[in-house]
Amino acid sequence: MKITIGSDHGAVQLKEEVKLVLKEFGDIEVKDVGTFGTDSVDYPDIAEKVCADVTSGAADRGIVLCGTGIGISIAANKIKGIRCALCNDVYSAKMSRHHNDANVLAMGGRVMGFGPAGEIVRAWVTTEFDGGRHERRVGKIAALEEKFGKE
Ligand code: RB5
């Protein structure tokens, strides 16, 4: 699985921790689009870089991080084809895959401990979409993108 990851300045350390967790999996290839320092950057720019890889197929999934995870998840969800789940617990992370087929995971570097974040990531990358009735609902999300001109 190919995963593109990015964070703003509020989650650079968390990004490094998440990359260490992803290294546990032999079959996950990670691309890091930054940011790499403490200089302030704008989280929508990071969301765009990560999500462009997901929508183009260059990545299977994305992980986006900012101070709270809120801003970057809102930005990611403006991009057609992105289903970004802001997760602060393992149950939500699993359900975002089982029911929502979330292709992007968001977390917050200022609200999330490294330990819990690692567990969330492990759950999220190993959980599959259930399909079935959830396929219909995910299809309706795509229909909303068309109806309201999300691009
Ligand atoms: C940046 O200061 C901060 O606003 C950002 O990391 C994030 O928390 C926004 O939702």
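Start at 1 and go down the list; that is how both ligands and their atoms are numbered. All residue numbers in this chain count up from 1 along the given sequence. Side-chain atoms are counted along with the backbone in the values below, which use heavy atoms only and exclude waters and symmetry mates.
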Connected-component partners of Val138 among ILVMFWY, side-chain separation under 4.5 Å: Phe129
Linked hydrophobic residues, Leu20 as query - side chain contacts closer than 4.5 Å: none
Shared hydrophobic cluster for Met107 and Leu22 (ILVMFWY, side-chain gaps under 4.5 Å): yes
Of all pairs that satisfy salt bridge (charged side-chain N to carboxylate O under 4.0 Å, His left out), the ones with a partner from residues 44-60, not counting sequence neighbours: Lys31-Asp53
Atom OH of Tyr91 with >12 non-hydrogen neighbours under 6.0 angstrom: no
N or O contacts of ligand 1 with protein under 3.5 Å, please list pair by pair.
{"residue": "ligand 1", "atom": "2 (O)", "partner": "Arg110", "partner atom": "NH1", "Å": "3.4"}
{"residue": "ligand 1", "atom": "6 (O)", "partner": "Asp8", "partner atom": "OD1", "Å": "3.4"}
{"residue": "ligand 1", "atom": "6 (O)", "partner": "Asp8", "partner atom": "OD2", "Å": "2.6"}
{"residue": "ligand 1", "atom": "6 (O)", "partner": "Gly67", "partner atom": "N", "Å": "2.7"}
{"residue": "ligand 1", "atom": "8 (O)", "partner": "Gly67", "partner atom": "N", "Å": "3.3"}
{"residue": "ligand 1", "atom": "8 (O)", "partner": "Thr68", "partner atom": "N", "Å": "3.0"}
{"residue": "ligand 1", "atom": "8 (O)", "partner": "Thr68", "partner atom": "OG1", "Å": "3.3"}
{"residue": "ligand 1", "atom": "10 (O)", "partner": "Thr68", "partner atom": "OG1", "Å": "3.3"}
{"residue": "ligand 1", "atom": "10 (O)", "partner": "Gly71", "partner atom": "N", "Å": "2.9"}

Exam field: side chain Lys15 to backbone Thr35, donor-acceptor pair closer than 3.5 Å: yes
